Amino acid sequence: MDKAYNHTTESELYKRWENSGAFTPNDSKKAFSIIMPPPNANDPLHVGHAMFIAIEDILVRFHRMKGESVEWLPGTDHAGIETQFVYEKKLAKDNKSRFDFDRETLYKNIWDYVEMNSGVAMTQMKRLGASADWGRYKFTLDPAVVSFVCETFQKLHNDKLVYRAEKLVNYCPHCGTAYSELEVDHEERTDKLYHIDYPLTDGTGVITVATTRPETLFGDVAVAVNPTDKRYTALIGKKVKLPLTNREIEIIADEGVDTAFGTGAVKITPAHDPFDWSVVEKNKEKFDLLETVNKHTVIGINGKMTANAGKDYENLSVFKAREKVVAELDLEKNAKPHIHNVGICYRCKRVIEPLPLPQFFVSVAPLTKPVLEALDKKDVVIHGTGREAILRTWLTNLRDWNVSRQIVWGIRMPVWHNVEGHETEVSVNFIDAKGKQHKGLLRDLYAEGFDLEAIATGLQQIIVPIVSNVPFVVQTEKPSEEGTWIQETDTFDTWFSSGQWPVVTLKTGNAGDFEKFYPTSVMETAYEILPFWVMRMLMLGMYLTGNVPFKDVYLHGLVRDGQGRKMSKSVGNVVNPIDLVEKYGADALRMALVMGSTPGQDKSVGEPTIKGMRNLSNKIWNATRFLKEFSGEQPENAELKTWTLKVVRQTTEHLDKLRVGQASEYLYGEFWHGYCDKWIEEAKKGSVGTSQMEEVLLVFLKLLHPFMPFVTERCYQEIFSQKESDLLITAAWPTV
RNA sequence: GGUCGCAUAGCUCAGUUGGUUAGAGCGUUCGAUUCACAUUCGAAAGGUCCCUGGUUCGAAUCCAGGUGCGACCACCA
């Protein structure tokens, strides 16, 4: 044996494990299963992935050694918006955009791009020692997964839990898609609050409104004041003239107006502001909501002013239009700085534009209720400080889920529209090959020479939300009835498919897997995606099976650098886990990430810590080396025996209770200061014999194996393994 | 504004259901070393466990309030 442990033999050991069949479940009745959180298929691993690999692999190896039938099911996610966003950035480097391709070509190109990169993540997981069942590997765009996801949507539709509605949605003009409420970030910005005078039509004066968005005045349909506001009560019902246009709008009363903000008078732009939308929605006698909104939408899906804003403003960007309005009305002089939060796209960081668009929504109330009950009954237990309370808050306040996305990279919705005979009712909204928006009746589209079917099937352009006002059919295949059937061009929100992950991976896998492994034992993931993913899995898992998708949820925290700072490219403190594996070994990295970590809490890991754990690898190695050469014939030492039993009992208990951080810390101390510092010295002094020391070393190799699989396996091979197939990974866990 | 969390050694953090002298890694000081390992060993220094009050025979741990920090959520123009 070498004097120091050399970790470069790790990949050889990994191959031996993989070839031995140890990663696939045995026929034991007792099942233990973890569905791996699928990383994005086109991303290389970051240190957060190393964290989940470490924790899950520890649990999986522990239960495997206990003799259970263990399934750790790996996979990757197509990560719709994320991936398309990355791909579009790549296109932009070549001076291209998504509009240069038709739907099918773009999809195929992204597919090739993802396929090219998707092997990387898997190889890296293997380098970290992940003993996952690669034979059952799943991708969210596997044909079986896609049809399962579509069937779920059909089931939801049959159960009347899906509806299509035109609502104000969070739309990113740059990414060209709407988002759910969860995907919008907020950023505090200092903008200007402008004051605009709207002259009363009776010539008695003006009413001054305050706004941060003067360019939307073309979309105003009213001015609202609080009915209790004495300054304005006399004006309610009067009309004002919109500046820059000749349009007249009414002054109306609404309790929601804050008299203390601005001037106490609010311009109402229902198509571009959620508050204004709600004001118009409430005022049913005065306004037909959808008609009003449609007529007064002044910003298009391309982020530019529409024809409704008038000839001078049409096709100007929102920002340019604002500058122009400010200049023309000389608003700068009365502007005040104003700090407020604006919604920004969580991908591209540009401002989110609330726009009225027809989208598909899933009613969430019937889905969240059983989850809350399951939490009450402890059918599912959340491990992670305070995270259960957060989950409950989410479940209680969740709004209907917008599941449609206007991107190509994803699962296309199994929805069909029959537009025949509806040419004068169907409105169409899309962006053509030149990036120009078209919006209007189908009849007009035909008159312009466009072919809707060709657009929708993607032979010409990428289309953004397609048609409204037509009854739709939910099914995978094109309906056989007569008509002009157009398939919905939207794809599903990524979380709609990944939200079914535990169910779909097991149902589309080997026969009997679902029955054997569902509900899964543990869901281990980052607390950051608790609302996006864990909550959706619980909702859809319970909806589809009537049972929770997992019994325990272990939430790990963010991995921070040695100074406790968040890793970020701008700080330059991002570490590549594979570099660390090459330098110190996978065992050292795993142990450093896990030791003393607590669920739900962030973890700082600096290089000195990893170095310290590399030293532990070496310590294990050298203890083995010592025993290989040591010989002593003393009778059994009773103190050593009881101490060993205590260590076994304590470690097992920690792991049974998912206390991975404590188990590792405990083992470190007991092995180093107990076995090495104390008992090896005792052995040298002659108070313990070889056979007992070997016995105890074997116990420690087993206990340490889930944490540091490579070095322990090598040491096992040095002393204990009798033949090629005798591996520590499948050795029996010590009993007390 | 709402919700949740954190505050323990110089730094980064553990501390299971309240129970003897409060722990680890890294760092610091002193010493050792042909004897498994200098990727080592022995020893030491270093803490009013944020503050105040309460419950208890007993509180780092439970409760209330305060202070500081952080995360997430939030349509007020």
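The sequence lines fix the lettering, A, B, ..., with proteins before strands; numbering per chain opens at 1. Small disclaimer: the values here were computed from a predicted structure and weren't measured.
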C41(B), OP1 or OP2 - any side-chain N/O from Trp672(A) closer than 4.0 Å? yes

Establish, with yes or no, whether the OP1 or OP2 oxygen of G15(B) is under 4.0 angstrom from a side-chain nitrogen or oxygen of Gln662(A). yes

Which residue in the set Leu395(A), Asn397(A), Thr396(A) passes side chain to side chain contact (heavy atoms under 4.5 Å, CB included) when paired with Thr393(A)? Asn397(A)

CD of Gln563(A) versus P of C11(B): gap in Å, rounded? 12 Å

Between G46(B) and A24(B), how far is it from one P atom to the other, in whole Å? 15 Å

Verify the neighbour count for atom NZ of Lys611(A): are there more than 12 heavy atoms of other residues, nucleotides or ligands below 6.0 Å? no

How would you label the contact of Met1(A) with the nucleic acid (heavy atoms, under 4.0 Å): base, sugar-phosphate, or nothing? nothing

Please confirm whether the shortest side-chain N or O distance from Lys603(A) to OP1 or OP2 of U12(B) is below 4.0 Å. no

Roughly how many Å apart are G27(B) and U12(B), using the C1' atom of each and rounding to a whole number? 11 Å

Examine A14(B): is either OP1 or OP2 under 4.0 Å from a nitrogen or oxygen in the side chain of Thr598(A)? Give yes or no. yes

Find the distance Asp677(A):CG to U39(B):C1' and express it as a whole number of Å. 14 Å

Separation of U12(B) atom C1' from Lys611(A) atom NZ, nearest Å, is 17 Å

Could you give the distance separating A43(B) and G5(B) at their C1' atoms, to the nearest angstrom? 40 Å

Please tell me if Asn615(A) has a side-chain N or O lying less than 4.0 Å from either OP1 or OP2 of U40(B). yes

Salt bridge or not for Glu250(A) and Lys286(A), using N-O below 4.0 Å? yes

Quantified in whole Å, what is the P atom distance between nucleotide C69(B) and nucleotide C76(B)? 24 Å

Taking atom C1' in both A14(B) and A77(B), what distance in whole Å separates the two? 49 Å

Salt-bridge present (Glu388(A), Arg392(A); N to O < 4.0 Å): yes

Which of parallel (below 30°), tilted (30 to 60°) and perpendicular (above 60°) describes His338(A) and His340(A)? tilted

Taking the nucleotide of RNA chain B with the closest heavy atom to each, which residue, Cys676(A) or Met595(A), is nearer the 5' end? Met595(A)

Report which part of the nucleic acid Arg625(A) touches: base, sugar-phosphate, or nothing (heavy-atom distance under 4.0 Å, all strands). sugar-phosphate

Assign each of Glu665(A) and Tyr668(A) the nucleotide of RNA chain B bearing its closest heavy atom; nearer the 5' end lies the nucleotide of Glu665(A)

Complementary nucleotide of A22(B), counting Watson-Crick and G-U pairs under 3.5 Å: none

Over 12 foreign heavy atoms within 6.0 Å of CD, Glu633(A): no

Pairing nucleotide - A59(B), Watson-Crick or G-U, each distance under 3.5 Å: none

To the nearest Å, how far apart are Lys678(A) NZ and C37(B) P? 23 Å

Sequence-aligned protein contact record of nucleotides 59-77 of chain B, with B where the base is within under 4.0 Å of a protein heavy atom and S where only the sugar-phosphate is: --------------SBBBB

Does the Lys NZ or Arg CZ of Lys167(A) fall within the cation-pi geometry relative to Phe361(A) - under 6.0 Å from the ring centre and within 45° of the axis? yes

Please name the nucleotide paired to C50(B) by Watson-Crick or G-U wobble geometry with both distances under 3.5 Å, or report none. G66(B)

Heavy atoms under 4.0 Å, any strand shown: does His195(A) hit a base, just sugar-phosphate, or nothing? nothing

For G1(B), which nucleotide in any strand shown is its Watson-Crick or wobble partner with both distances under 3.5 Å? C73(B)

Quick one: salt bridge (Lys or Arg N to Asp or Glu O under 4.0 Å) partners of Arg625(A), sequence neighbours excluded? none

